[in-house]
Structures are given as structure tokens and as C-alpha cells.
Amino acid sequence: MKAIVQDAYGPTDLLELRDIDRPVPRDDEVLVEVRAAGVDPGVWHLMTGRPHVARVVLGLRKPRNPVRGWDGAGRVEAVGAKVTDFKPGDEVFGNCDGSFAEYACAKAARLALKPANLSFVQAAALPVSGMTALQALSGKARPRPGQKVLVIGASGGVGSLTVQLATMYGAEVTGVCGPTGGDFVRSQGAAHVIDYTREDITDGPHRYDVIVDNAGLRPLPLLRRALTPRGTLVIVGGEGGSAFFGGMSRGLRAGLLSPFIAQNLRSLMSLPRGEDLLTLKDLAEDGRITPPVDRTYPLAEAPAAIRHLEKGHPRGKIVLTV
């Protein structure tokens, strides 16, 4: 089968389209014939091995799994001996480690039947970004009707779905994006838009009950000034920062400070959860959320897709077609 393979951490130049053996599913796994695969910052972290602390999980000297990709959608080709929820021919979506390939294995617990109203491309845009948005707006960050929510990085895959979910919960949403993303962010449900090249999030009288920061660049004191006295800040992912810790140090500082102040500060490293995937499936089938797709690339052009991601400001998710 053809796959996008990487033998060492580094830039997109190290990615190669190769013929490799088709994977064989373990007892609790499903072999998926991949039709589409999502491209997101997590793929960039897997490719570069940054922040370096993540290599404890990803592989110390080189990627443990040389095939890139993390989420996808396709048809079940075969199932492991202990899998009872799926059968060959089922259309599925979810977390498939190594999804930049014609076939990929996934744990059955990390898959769900594809929403019937979504294409394979749309379904591949949903798992990682959707679960991250869902987990960001959970617990104390779950907005109540009428509360003010600020979404930083609102035009990306996670940000656009965060805007949709917060609006669905009844919040008044303000999205932060670049100068060309305003109309798109409004189309996702935002009532207000801040162009970060022209204004700061602390400009004006508004303070927010919930802030979801997907961009990872603003200092913690600035974010706190934009919060209400008892507001909640969620720092998503580990963007920015040093090569070793990335943006994780900012999240760590937030977690250490939170117990001593009235504001609730936390960082989020999203985890794949089957129940969240089923929730996203139901929301998509009901039409309450729709994963926006910025553009698609064929599998062989995966390096170009990641370079487009690196430039920043995609409107929704980038997806590879297989």
C-alpha cells in the first residue's frame, strides 16, 4: 500500500510517499481502508518531535510509527478477533494512528460509525478537532446561556468547532482571528469578531466568562485581564514556547496558579475518548455542528498540506483524500 512515511524527526522535506506492507489488526483493532485523513497541528508535532519532551511518548530518537496521520474516515476492511461492534464494509471515522496511508489500524474503541450526512472528507475533519473542542468546553468551562465566551484562534479546525459548540450552548461568542477570517468566523456562529492585527483582547469594556486559547502566544497575565473575576481559561495544546517544553510551560504555570485565585485556569491536552466521538456523531447527524473544511489535498501532496498548515490561518480543517 502507499503511505506517507518519515524515518526521522524534522521538516516536511523528510516525508516520503512509499509502498509499504499493509498493517495487520490486533485482536482489539479494526483495519480501515482510509478514504480521507485530517491534517492538524498534532501532525506537525508528530513530524517535528516538538516539543522535545513529547518524544518520551512519540519515540526518543525517531517516530515509533513512521507513518504520519492521526484521524481519518473510511471503510472497514477487516476486524480483529475480539471486535464485535464493526464488520467489513462499515463506514467509520475516528482516531487511526498512521492515517496518511491507504490502510490504517485503529482501536475499535476509538472509532464510530460515520455520520450518515457527512462525506468522508467532512468526517475526517471531525475526530481530533471535535474532541478537543468538546473537551475544552467541559467542566467549569461549559458555558451557560447568555455567558460571554472568547475563542482565540477561532478560524482553525479546533477554533471553528469551539465557536459552533459554544453557540449551541447558548453563549455569546467572540472569535479572535486574522484580518481575512472574520466572515468565516461569523458564519460559524460568532456574534463578534476581533481582528488580532488591529485590536487586543483586553480592548474595550468586555470581560469573558470563558476563554479558550487555541493560539498559544499570549502571556498568562494578559489572558487573565480579559477574564471575569471568576471566569475560566482553557489553554489548548502546547503551541509556542521553547523547543523542549513548547507551550506546556504556560499551561503548567496556569495550573499551579489556579488553586490560589478565584479564576479557574487549566490547560488541555486532548485525549481520544469513544464517548466523545459518539457525541460528535450525534451532533453532526442532528445538524448542530458541521466540520468546516478549508481545502483538500491528495495523499501524495501531504507535505504541501502541512506547509499550508504551517503558514497559519486555515479556515477550518485541512484534509487529505486517499
Side-chain angles (χ1 to χ4, degrees), residues 1-7 15-40 42-43 46-47 58-59 63-131 271-282 284-285 291 293 296-303 305-306 317-322:
M1 70 170 188
K2 295 190 181 301
I4 297 294
V5 178
Q6 173 189 13
D7 295 322
L15 300 178
E16 297 181 18
L17 181 68
R18 290 188 204 158
D19 286 310
I20 63 173
D21 292 337
R22 183 188 297 187
V24 177
R26 296 185 176 94
D27 286 352
D28 62 345
E29 290 182 337
V30 172
L31 178 65
V32 178
E33 180 190 9
V34 180
R35 301 295 298 276
V39 181
D40 58 64
V43 172
L46 288 169
M47 180 184 76
L58 304 178
R64 283 199 175 97
N65 182 355
V67 182
R68 293 283 61 83
W70 181 236
D71 58 358
R75 288 191 173 90
V76 174
E77 177 73 11
V79 300
K82 296 181 179 179
V83 175
T84 59
D85 293 335
F86 303 103
K87 64 183 185 302
D90 284 344
E91 296 182 348
V92 296
F93 78 122
N95 298 114
C96 307
D97 190 13
S99 62
F100 290 7
E102 292 177 323
Y103 293 88
C105 285
K107 289 189 177 298
R110 296 181 179 179
L111 292 176
L113 294 175
K114 181 178 73 67
N117 58 330
L118 296 188
S119 66
F120 284 114
V121 166
Q122 289 175 307
L126 190 54
V128 169
S129 295
M131 280 190 276
L271 297 174
R273 298 195 303 215
E275 60 267 31
D276 288 345
L277 199 60
L278 292 174
T279 296
L280 293 170
K281 176 182 183 296
D282 291 341
E285 288 185 331
V293 176
T296 62
Y297 291 81
L299 178 64
E301 296 181 16
I306 297 175
K317 195 71 172 275
I318 304 165
V319 177
L320 298 180
T321 56
V322 183

message: Could you report the tightest heavy-atom contact between Pro303 and Ala300, atom names first, then the distance?
response: CD-O, 3.8 Å
- prompt: Is the side chain of Asp90 donor-acceptor paired with the backbone N or O of Val92 at a distance under 3.5 Å, no angle test?
  reply: no
- request: Taking Gln6 for its side chain and Met47 for its backbone only, find out whether a donor-acceptor pair lies under 3.5 Å.
  value: yes
Counterpart residues, salt bridge (charged side-chain N to carboxylate O under 4.0 Å, His left out), relative to Arg75 (two or more places apart): Glu91
message: salt bridge (charged side-chain N to carboxylate O under 4.0 Å, His left out), that's the test. Do Arg64 and Asp97 meet it? Break it down for me.
response: CA-CA 11 Å; Arg64 283 199 175 97; Asp97 190 13; over 6 Å; no
message: When you measure from the centre of the six-membered ring of Phe120, is the NZ or CZ of Lys114 closer than 6.0 Å and no more than 45° off the axis?
response: yes
Within 6.0 Å of CG in Asp27, more than 12 heavy atoms from elsewhere: yes
- request: Of all the heavy-atom pairs spanning Pro88 and Ala78, show the shortest one and how long it is.
  value: CG-CA, 4.5 Å
statement: Rounded to the nearest 0.5 angstrom, the CZ-CE distance for Arg110 and Met131 is 8.5 Å
- request: Could you pull out the closest heavy-atom pair between Ala104 and Gly98, with the gap in Å?
  value: CB-O, 3.5 Å
task: Determine yes or no for a side-chain-to-main-chain donor-acceptor pair under 3.5 angstrom, with Ser99 supplying the side chain and Trp70 the backbone.
output: yes
query: Any side-chain heavy-atom pair from Val76 and Lys87 closer than 4.5 angstrom?
result: no
- request: Evaluate the side-chain proximity of Pro25 to Glu77: yes if any heavy-atom separation is below 4.5 Å, no if none is.
  value: no
task: Please lay out, stage by stage, how Asp71 and Phe93 fare under the test side chain to side chain contact (heavy atoms under 4.5 Å, CB included).
output: CA-CA 8 Å; Asp71 58 358; Phe93 78 122; over 6 Å; no
Heavy-atom closest contact (Val39 atom, Lys317 atom, distance): O-CE, 3.3 Å
- request: Decide yes or no on salt bridge (charged side-chain N to carboxylate O under 4.0 Å, His left out) for Asp28 and Lys107, but give the supporting numbers first.
  value: CA-CA 6 Å; Asp28 62 345; Lys107 289 189 177 298; 3.1 Å; yes
query: In Å and rounded to the nearest 0.5 Å, what is the CD to CD1 distance from Glu102 to Ile20?
result: 9.5 Å
Gap separating the OH atom of Tyr297 from the CD1 atom of Ile318, nearest 0.5 angstrom: 6.0 Å
task: For the pair Gln122 (side chain) and Ser119 (backbone), establish whether a donor and an acceptor sit closer than 3.5 Å, ignoring hydrogens and angles.
output: yes
query: With side chains defined as the heavy atoms from C-beta onward, is the minimum distance between Pro127 and Leu277 less than 4.5 Å?
result: yes
task: Apply side chain to side chain contact (heavy atoms under 4.5 Å, CB included) to the pair Ile4 and Leu17, showing each step before the final yes or no.
output: CA-CA 5 Å; Ile4 297 294; Leu17 181 68; 3.9 Å; yes
query: Is there a donor-acceptor pair closer than 3.5 Å between any side-chain N or O of Asn95 and the backbone N or O of Pro272?
result: no
query: Where is the tightest heavy-atom contact between Asn117 and Ala284, given as atom of each residue plus distance?
result: ND2-O, 2.8 Å
message: Testing the basics here: between Leu46 and Arg68, what is the closest heavy-atom pair and its distance to 0.1 Å?
response: CB-NE, 3.8 Å
message: Check this for me: Arg26, atom CZ, are more than 12 non-hydrogen atoms of other residues, nucleotides or ligands nearer than 6.0 Å?
response: no
- request: Check the pair Leu111 / Cys96 against side chain to side chain contact (heavy atoms under 4.5 Å, CB included), numbers first and verdict last.
  value: CA-CA 8 Å; Leu111 292 176; Cys96 307; 4.0 Å; yes
query: Please walk me through it: do Leu113 and Phe86 pass side chain to side chain contact (heavy atoms under 4.5 Å, CB included)?
result: CA-CA 8 Å; Leu113 294 175; Phe86 303 103; 4.1 Å; yes
field: Partner of Tyr103 under side chain to side chain contact (heavy atoms under 4.5 Å, CB included), chosen from Val67, Val34, Leu31
entry: Leu31
